[in-house]
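Take a look at the following structure, please.
Side-chain atoms are counted along with the backbone in the values below, which use heavy atoms only and exclude waters and symmetry mates. Note that the structure is a prediction, hence the values are computed from the model and not measured. Residue numbers start from 1 in every chain, and the chains themselves are labelled A, B, ... in the order their sequence lines are given, proteins ahead of strands.
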Number of protein chains: 2
Amino acid sequence: MTISHRAGLDLAAGATTGDAGRILVSVLARHGHALSTAGFHEWFTEQARRTSFTVEPIPFTALSGWSFDPRTSFLVHETGKFFSVQGLHVRRDRGLVPQWWQPIINQPEVGILGIVVREIDGVLHCLMQAKVEPGNVNGLQLSPTVQATRSNYTKAHGGAGTAYLEYFVQPGRARVLVDVLQSEHGAWFYRKRNRNMVVEVTDDVPLRDGFCWLTLGQLRALHALPNLINMDARSVLSCLQYAARDSLPVTPAPGDDFAAALWRSTAVGEATGSVYTEGEILTWLNDAKTGQILDARRIPLDEVAGWHRTADRIARPDGKYFSVMAVSVHASNREVHQWTQPLFAPCDTGVIAFLVRRIDGVLHVLAHATVEPGYMDVVELGPTVKCVPANYDGLGEEYRPLFLDYVLSGRGRVRYQTVQSEEGGRFYHSESRYLVVEVDDDFPAEPPEDFRWVTVGQLIALQRHSHYVNVQARSLVSCLHACW
Amino acid sequence: MTISHRAGLDLAAGATTGDAGRILVSVLARHGHALSTAGFHEWFTEQARRTSFTVEPIPFTALSGWSFDPRTSFLVHETGKFFSVQGLHVRRDRGLVPQWWQPIINQPEVGILGIVVREIDGVLHCLMQAKVEPGNVNGLQLSPTVQATRSNYTKAHGGAGTAYLEYFVQPGRARVLVDVLQSEHGAWFYRKRNRNMVVEVTDDVPLRDGFCWLTLGQLRALHALPNLINMDARSVLSCLQYAARDSLPVTPAPGDDFAAALWRSTAVGEATGSVYTEGEILTWLNDAKTGQILDARRIPLDEVAGWHRTADRIARPDGKYFSVMAVSVHASNREVHQWTQPLFAPCDTGVIAFLVRRIDGVLHVLAHATVEPGYMDVVELGPTVKCVPANYDGLGEEYRPLFLDYVLSGRGRVRYQTVQSEEGGRFYHSESRYLVVEVDDDFPAEPPEDFRWVTVGQLIALQRHSHYVNVQARSLVSCLHACW
């Protein structure tokens, strides 16, 4: 017996047992049992309509509670909590740029990004939140159940309380499916990591205003829409193990070879048809980590060479990379808020892309051993291309990121292309074009040393541990499932 | 058919296939095919006899090539390589000490600690080196095949060359069995990690002077001797996976229940009789990491409050913890050397202990979620007890490490007790009493929140990845096999 969930993919009987099987059923469930996808869009539009939210750039002197510390020149909050903007001096013994200076966000505390899941009519559904963030280009985006820094949620214990937090911090309240500290943008955060969690609840969960239940199948389809699934949600969803066994119990229909290759790529374990073993990938990563020295030392913000502070920006004269700014936020929906805070604003739209290819029927993605100064351990696996193209204007050809021109040229077959946002709580209007491009047959089989063909299942297995897969690659893993 | 390797443990036929099986055969091989254990001792004594090595404490001004940088006050080498002694300011929001200052070693480059293995008469043997280090209390200790910092081995490429290095850095020269970046002492090193490797060679390997081939069984027996197997060797050996399957194909004899419980404890995978799943251990570690903030910032060495620099020491007036000193080294064996360098000298002998207990026939060790300022990510799994008892003299009872008194009291059954050295390349006469103590039945089953009962197999599985198991716990994993 097979259960047909959509044309092209059949789920073998018996596949629905175990967590991986139950996750798979939810991935294949295009229709929600709590809310239809049309119903979701109505609900989300209504949420947006009821959300009055204004964000205004302000000069640094208009910040309330935030100031430049006279001793360190760091931009800090008076409580010492939340985060601070510090200076960073980076030295490398590889690459074209031997040293540079930049502002960086230091947020030593770890937040929780958590999704509550629950079976509804036997299918796992995710409890998602429609949430505004000051840097969001469109205000409202779909977020995890809980998205809270420790400063927020510990303070909240004495106050209104973060909704649903108890399922993540009270032992025994829920069963843990995913629990891993993941890095965020290593170019803008100093060693930040957030706790990515998925927990399953079996008793009744009250549905609060601003929240909804969606299947994983609904969520993956929503990845096709621009700026809807926020970065934190993409990161958490990418950590779910879709297949615990060597081969997936899914039968693709003839003619949908790409979906079949993608499914085979998500398999976890031995003999999955990957070009390299996990051991070989770890050795390659260790080669990358140990073949170079990157020393990142925090320094006073005033000593960041090449950057200048004006009344309302810390920026470079050439306008490249990003700037530090401040905003005043007014939110007039049910949870009334008014506050000011600093944000990082990128200079332009980014390009974040996986080149993919089928190798013996298994989809492989071209991962890049990415170096960023804020990583805990020098290197993490990233997308094939991750950059803001405008940063390379006027620079020599040798500075141009590898494969950027391939992606921009329109060669290959674009399997996914959607503008997605980065974290709106810290970044102002940070958008990137996310792409999955299947390369032509004439693409070289042997990539340069810093690149390797890996399967999606290998990425997901590594995501069980910290410091392996960077936030942009995790986002793309999440987006990949919108390809079929 | 079973192959009897020693009284008490039989190896089932068919167990010798696969890497784990072949490692197991070597673990059970008490007699070497290259060198008998008696022959090893003769060889080692001869090596020691031929090694003339003097180490003399000197004032800092007598250091050659090393000086206090006038800008940072760091103690640095003129080449900018090797390592430097810097200051550290540590702030915590948990524990009895909210902040402190200390000197710390910064060594941003990653060294290689590598063992070459090769089958001799069908049994894997390890190529070990008799090596002197300036801080070694006894001069010569048994080291991995290669034990080299990047400064040493990259410089060596143009010079004499590090023996056997090619097997670790030239692709295709050997097959990788272990390759993982592991942390070292987080109390004395700022985010240092070394690459722990084991590689298998199938072609002929020339045996150079100062090297010998030993089985894993011979090496585990040698762990019973004080200060023989050096810290680096213990660390690398602990990463070997002794069992890839759910249950070990070893039949313990009646009456050797401890050995049987230890063997069952080394099993890796599902259903191994562990109290907690790996997921539960990871969640507990994430709780420990995220439930506190530890911010460690490097500062000028002159600004380390409470520490004073004299002509030949940087130390505290109370003499506690450790001091920074300098030595002049003369080595007159075949590889002639004379150099000076700084070393860290602990104030007294340490105690490093695992409490262990059998739970449903499976040995569990009581791991501690250990916090040290030099760890990459706040917390790693450490021994039950790891401290220098003298540091707690005169302090209140509340400062005393948990379970230290249990270990010192002679309660329980001591299964292993040997003085072992820490890294002699950076530490001067750093010795600790390493113990494995089986607790009495009246020992509380539920340990305090920062402690968990875990199996040896769980530790070994976590050691496949970085930042999980600290160097002292890895040492104890290596020593555990000398218990039977």
- Query: Which bit of B:Arg298 comes within less than 4.5 Å of chain A, counting heavy atoms only: side chain, backbone, both or neither?
  - Reply: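 Backbone plus side chain of B:Arg298, per the 4.5 Å heavy-atom cut-off to chain A.
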- Contact part of A:Arg195 toward chain B, heavy-atom cut-off under 4.5 Å: side chain, backbone, both or neither?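 Side chain only.
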- Message: Within the supplied structure, the quantity of interest is the number of heavy atoms (other residues, nucleotides, ligands) at a distance under 6.0 Å from A:Arg92 CZ; does it exceed 12?
- Response: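 More than 12 heavy atoms, drawn from other residues, nucleotides or ligands, come within 6.0 Å of this atom.
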- Message: Which atoms of B:Arg193 are under 4.5 Å from chain A, going by heavy atoms: the side chain, the backbone, both sets, or neither?
- Response: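 When you check distances to chain A, only side chain atoms of B:Arg193 fall under 4.5 Å.
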- Between B:Ile115 and B:Val117, does a side-chain contact (heavy atoms from CB on, under 4.5 Å) hold up when you go through it step by step? CA-CA 6 Å; B:Ile115 296 180; B:Val117 299; 4.1 Å; yes
- Task: Specify which of A:Val110, A:Asp287, A:Leu282, A:Val176 makes the most heavy-atom pairs with chain B at under 4.5 Å.
- Result: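 Answer, by heavy-atom pair count under 4.5 Å with chain B: A:Asp287.
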- Which region of A:Gln292, side chain (C-beta onward) or backbone (N, CA, C, O), has a non-hydrogen atom less than 4.5 Å from a non-hydrogen atom of chain B, or is it both or neither?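 Backbone only.
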- Let me know if B:Tyr190 has heavy atoms under 4.5 Å from chain A in its side chain, its backbone, both or neither.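 The side chain, not the backbone.
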- Task: Below 4.5 Å from any heavy atom of chain A, which atoms of B:Asp93 appear? Answer side chain, backbone, both or neither.
- Result: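 Just the side chain, heavy atoms under 4.5 Å.
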- Between B:Thr290, B:Ile112, B:Leu294, which residue shows the highest count of heavy-atom pairs closer than 4.5 Å to chain A?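 Most heavy-atom pairs under 4.5 Å with chain A: B:Thr290.
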- Checking salt bridge (Lys or Arg N to Asp or Glu O under 4.0 Å) for the pair A:Glu200/A:Arg22: CA distance, chi angles, key distance, verdict? CA-CA 11 Å; A:Glu200 183 182 1; A:Arg22 292 162 64 231; 2.4 Å; yes
- Message: Before you tell me yes or no, could you show the steps for B:Glu280 and B:Arg452 under salt bridge (Lys or Arg N to Asp or Glu O under 4.0 Å), namely the whole-Å CA-CA distance, both residues' side-chain angles and the distance that decides it to 0.1 Å?
- Response: CA-CA 10 Å; B:Glu280 287 167 339; B:Arg452 281 288 187 282; over 6 Å; no
- Mark yes when over 12 heavy atoms from residues, nucleotides or ligands other than B:Arg91 sit less than 6.0 Å from its CZ; otherwise mark no.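 Check fails, neighbour count at 12 or below.
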- Atom group of A:Phe168 that falls short of 4.5 Å from chain B, counting heavy atoms: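 The answer is neither part of A:Phe168.
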- Query: Passes side-chain contact (heavy atoms from CB on, under 4.5 Å), B:Leu381 versus B:Leu459? Steps please.
  - Reply: CA-CA 9 Å; B:Leu381 280 176; B:Leu459 290 177; 3.8 Å; yes
- Would a line drawn from the ring center of A:His77 to the ring center of A:Phe83 be shorter than 6.0 Å?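 Centroid separation for A:His77 and A:Phe83: 6.0 Å or greater.
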- Which atoms of B:Asp295 approach chain A - backbone, side chain, both or neither, heavy atom under 4.5 Å: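 B:Asp295 touches chain A through side-chain heavy atoms alone.
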- Message: Testing the 3.5 Å rule here: is there a donor-acceptor pair between the side chains of A:Asn106 and A:Ser84?
- Response: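 There is no such pair (donor and acceptor under 3.5 Å, judged by atom type) between the side chains of A:Asn106 and A:Ser84.
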- Message: Is A:Glu278 in contact with chain B via its backbone, its side chain, both, or neither, using a 4.5 Å heavy-atom distance?
- Response: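 Interface part for A:Glu278: both.
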